[in-house]
Amino acid sequence: MARKETAKENFYQKVYALVRQIPEGKVSTYGAIAEKIGTKLSARMVGYALSQCVGTDVPAHRVVNRFGALTGKHHFGPPDLMKRLLQDEGVTFNADETVKMDLHFYDFKRQRR
DNA sequence: CGATTGACGTTAA
DNA sequence: TTTAACGCCAATC
C-alpha cells in the first residue's frame, strides 16, 4: 500500500472496476462513475475510457449518460447492439431509446455503503 | 512537446 | 425557454 495513486493509470482501472461490478439488468452513468473515481469534474474522460473498454471485460453497454441515453451505442459497432444487450439483460427503455434510470440505475455508493 | 478531441455535465447568456 | 460555451482530465494526433 502506501503506493502513490497517480490516478492516471488507476483511472481506467477504476472505471473498469466499477463498470465491471454493475449487475445485469442495471446501468450506471458517467457522472456517477467519475464521481466514484474522484474525477467527477470530468465525466468526459469516463466515457473516453469506456470507448476503449469495448473489447475487454467491461460491459460498457451498461454505462449511459445522465439522461439514460445510449450515447456511445455507435462505439459497439451496430447501433442497435447496445440497446439490444441491455434489453436482453432485462433493462427496459423509454420510447427514446433511453434507459429507465428509475428502474435500473445502479447506485455505486449505495452498493458500497 | 503542443494542440485537439472526447460515450459529459453544469452554468451562463 | 433554448442554445452556447466552459470546465475538467487524459489520450491521441
Side-chain angles (χ1 to χ4, degrees):
Chain A
M1 321 67 178
R3 176 196 307 110
K4 241 153 159 232
E5 296 178 33
T6 341
K8 305 187 1 181
E9 299 184 25
N10 282 281
F11 187 86
Y12 273 50
Q13 299 299 320
K14 288 178 179 180
V15 175
Y16 298 154
L18 289 168
V19 177
R20 250 186 249 147
Q21 74 187 261
I22 299 175
E24 296 179 12
K26 289 279 183 177
V27 294
S28 184
T29 67
Y30 303 104
I33 295 167
E35 188 177 340
K36 203 79 187 90
I37 294 166
T39 56
K40 60 182 176 193
L41 299 178
S42 49
R44 319 174 110 194
M45 63 91 35
V46 177
Y48 211 80
L50 288 172
S51 70
Q52 340 243 329
C53 91
V54 177
T56 69
D57 345 8
V58 184
H61 59 271
R62 290 186 192 145
V63 187
V64 296
N65 70 350
R66 203 187 78 67
F67 295 97
L70 288 55
T71 39
K73 61 181 180 187
H74 81 122
H75 280 264
F76 292 85
D80 291 25
L81 180 61
M82 190 171 183
K83 190 170 90 172
R84 198 143 100 183
L85 286 168
L86 291 169
Q87 286 187 36
D88 184 65
E89 291 183 353
V91 178
T92 47
F93 286 80
N94 294 303
D96 287 332
E97 303 180 350
T98 47
V99 179
K100 293 189 178 182
M101 306 300 284
D102 303 296
L103 307 176
H104 308 293
F105 179 62
Y106 181 79
D107 201 324
F108 286 106
K109 285 174 184 161
R110 203 169 100 113
Q111 196 266 338
R112 216 170 83 111
R113 282 195 28 160

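Every chain is numbered from 1, with letters handed out A, B, ... down the list of sequences. No experiment lies behind these values; they were computed from the predicted model shown.
In the set dC8(B), dA7(B), dC8(C), the nucleotide with an atom closest to the side chain of Leu41(A) is dC8(C). When distances run from any side-chain atom of Tyr12(A) to the nucleotides dA11(C), dC8(C), dC8(B), the shortest one goes to dA11(C).
Checked by distance alone, Arg44(A) brings no side-chain donor or acceptor within 3.5 Å of a matching partner on the base of dG9(B).
Pairing each heavy atom of Tyr16(A) with each of Cys53(A), the nearest pair is CE2-CB, 3.2 Å. Nearest heavy atoms, Leu86(A) versus Val27(A): CD2-CG1, 3.8 Å. Residues Tyr30(A) and Leu50(A) approach most closely at CE2-CD1, 3.4 Å, considering heavy atoms.
If you check every strand for non-hydrogen atoms under 4.0 Å, Val54(A) touches a base. If you check every strand for non-hydrogen atoms under 4.0 Å, Ala34(A) touches nothing. Note on Val63(A): a base of the nucleic acid sits closer than 4.0 angstrom, heavy atoms only.
Sorted by residue number, the members of residues 65-74 of chain A with any non-hydrogen atom under 4.0 Å from DNA chain B read Asn65(A), Arg66(A), Thr71(A), Gly72(A). Contacts between residues 81-102 of chain A and DNA chain B, defined by a heavy-atom separation below 4.0 Å, involve Met82(A), listed by number.
Across the protein-nucleic acid pair, Ile37(A) atom CD1 and dA10(C) atom P stand 11 Å apart, rounded to whole Å. Following rounding to the nearest Å, Leu50(A) (CG) and dG9(B) (C1') show an atom-to-atom distance of 15 Å. Atom CD in Gln13(A) sits about 15 Å away from atom P in dA10(C), given to the nearest Å. When the C1' atom of dA7(B) is taken as reference, atom CG of Leu18(A) falls 16 Å away, rounded to whole Å. Between the OH atom of Tyr48(A) and the C1' atom of dA7(B) there is a distance of 11 Å, rounded to whole Å. The separation between Arg62(A) atom CZ and dA7(B) atom C1' is 17 Å, rounded to whole Å.
Looking only at side-chain heavy atoms (C-beta outward), Met101(A) and Val64(A) come within less than 4.5 Å of each other.
One N or O on the side chain of His104(A) and one on the backbone of Gly25(A) form a donor-acceptor pair closer than 3.5 Å. Checked by atom type and distance alone, the side chain of Glu97(A) never pairs as donor or acceptor with a backbone atom of Phe93(A) at under 3.5 Å.
Between the CG atom in Leu85(A) and the NE2 atom in His61(A) there is a gap of 5.0 Å [rounded to 0.5 Å].
Crowding of Arg20(A) atom CZ: a count of heavy atoms from other residues, nucleotides or ligands under 6.0 Å exceeding 12.
In this structure, Gln52(A) reaches the dT12(C) phosphate: one of its side-chain N or O atoms is under 4.0 Å from OP1 or OP2.
Here the rule is side chain to side chain contact (heavy atoms under 4.5 Å, CB included) with Arg62(A), and of Met82(A), Glu89(A), Lys26(A) only Glu89(A) fits it.
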